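Just so it is clear, the model here is predicted, and its values are computed rather than measured.
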Amino acid sequence: MASRGVAGFSATALRQHRAAASMSQDELAQKARALGARVAGPHICLYEQDKRKPQLATVLALAASLRVPPGALLPSGMSADVERLRLLAGWSQRALARRLGVAQARWSRIERGLSALDESKEHLAAELLKVSVEQLRRALDEQRVALPSPRRR
């Protein structure tokens, strides 16, 4: 069964930060629940074994509970792609798309490099993602370049 959580979540980073904080899985879950996450000790175990990915709200609560920035729970080797920018800014796809006035499906295609972001929305998107317009354009360009070329029949 595929998880619909944060794709770039790092099980290793969670384990390391929890150990550094000298917290048990249950203690971490309790602290995250106090911040609104719907999580229990067994969930933390599954996250640390990379058998399940947490939702964005849970990642934010875990990071706050561990007193680390949300980006600390994402692999450091991950490029500055659009999805990572969105996650670091604390937005879900749905919420960001709604704020930009586009459908979530369209934003998903933009993140994957399958569709272009309207120039009229670049400034707002950059502001919401807490980056410069140039950084956003670079990330969007990297997404399009990273796509495999379409097969010819």
Side-chain angles (χ1 to χ4, degrees), residues 1-100 102-115 117 124-148:
M1 177 170 82
S3 173
R4 295 181 349 178
V6 174
F9 181 76
S10 172
T12 303
L14 177 63
R15 251 189 332 271
Q16 290 171 343
H17 287 291
R18 183 181 59 78
S22 299
M23 272 191 241
S24 70
Q25 292 172 341
D26 288 328
E27 289 170 331
L28 177 56
Q30 183 179 8
K31 285 184 178 241
R33 272 195 311 276
L35 296 173
R38 296 175 61 194
V39 66
H43 293 113
I44 304 297
C45 181
L46 292 171
Y47 301 152
E48 288 185 353
Q49 293 174 356
D50 207 15
K51 292 183 178 178
R52 188 173 189 182
K53 301 287 185 192
Q55 297 295 315
L56 178 59
T58 303
V59 172
L60 297 175
L62 291 171
S65 299
L66 293 167
R67 298 179 185 216
V68 298
L73 299 180
L74 301 173
S76 58
M78 204 173 165
S79 68
D81 64 13
V82 183
E83 179 186 18
R84 180 176 172 83
L85 295 176
R86 176 179 56 78
L87 294 172
L88 291 175
W91 289 97
S92 68
Q93 268 191 354
R94 176 178 289 147
L96 183 60
R98 185 176 293 143
R99 184 69 176 84
L100 288 171
V102 299
Q104 180 181 353
R106 176 158 172 85
W107 181 257
S108 176
R109 288 190 305 272
I110 291 167
E111 276 191 8
R112 291 180 287 144
L114 302 174
S115 186
L117 178 64
L124 178 57
E127 180 182 322
L128 295 171
L129 295 173
K130 301 174 185 166
V131 297
S132 69
V133 174
E134 292 76 27
Q135 288 172 307
L136 175 60
R137 286 180 182 155
R138 235 183 343 265
L140 290 167
D141 288 343
E142 285 177 18
Q143 283 301 111
R144 282 193 290 272
V145 169
L147 285 175

Spacing of K51 atom NZ and L46 atom CG [to the nearest 0.5 Å]
7.0 Å
Where is the tightest heavy-atom contact between V59 and P54, given as atom of each residue plus distance?
CG2-CG, 3.5 Å
Who pairs with D50 by salt bridge (charged side-chain N to carboxylate O under 4.0 Å, His left out), at least two apart in sequence or on another chain?
K53
For the backbone of R106 and the side chain of S115, can you confirm whether one donor and one acceptor N or O come within less than 3.5 Å of each other?
no
Contact check, side chains of L117 and V102, non-hydrogen atoms, under 4.5 Å:
no
At what distance, to the nearest 0.5 angstrom, does CG of L136 lie from OG of S132?
8.0 Å
Do R137 and V133 have side chains that approach each other closer than 4.5 Å (heavy atoms only, starting at C-beta)?
yes
For E111 against V82, the heavy-atom pair lying closest together:
CG-CG1, 3.9 Å
Closest contact, heavy atoms only, G41 versus D26:
CA-OD1, 3.1 Å
Can you measure from CG (L88) to CD (E83) and round to the nearest 0.5 angstrom?
10.0 Å
Could you check if a side-chain atom of H17 sits within less than 4.5 angstrom of a side-chain atom of L62, using non-hydrogen atoms only?
no
Taking CD in Q30 as the centre, count heavy atoms belonging to other residues, nucleotides or ligands within less than 6.0 Å. Is the count above 12?
no
L87 side, atom CG; L96 side, atom CG - distance, nearest 0.5 Å
10.5 Å
Considering all heavy atoms of both residues, which atom of A61 and which atom of A37 are nearest to each other, and what is their separation?
CB-CB, 3.6 Å
Once you round to the nearest 0.5 Å, how far does CZ of R18 lie from NZ of K31?
13.0 Å
Can you name the nearest heavy-atom pair linking R86 to L129, along with the distance?
CA-CD2, 3.5 Å
Pairs where residues 32-45 contributes a residue and the test salt bridge (Lys or Arg N to Asp or Glu O under 4.0 Å) is met, not counting sequence neighbours
none
Working to the nearest 0.5 angstrom, can you tell me the gap between F9 CZ and T58 OG1?
9.5 Å
Could you pull out the closest heavy-atom pair between M23 and L28, with the gap in Å?
SD-CA, 3.8 Å
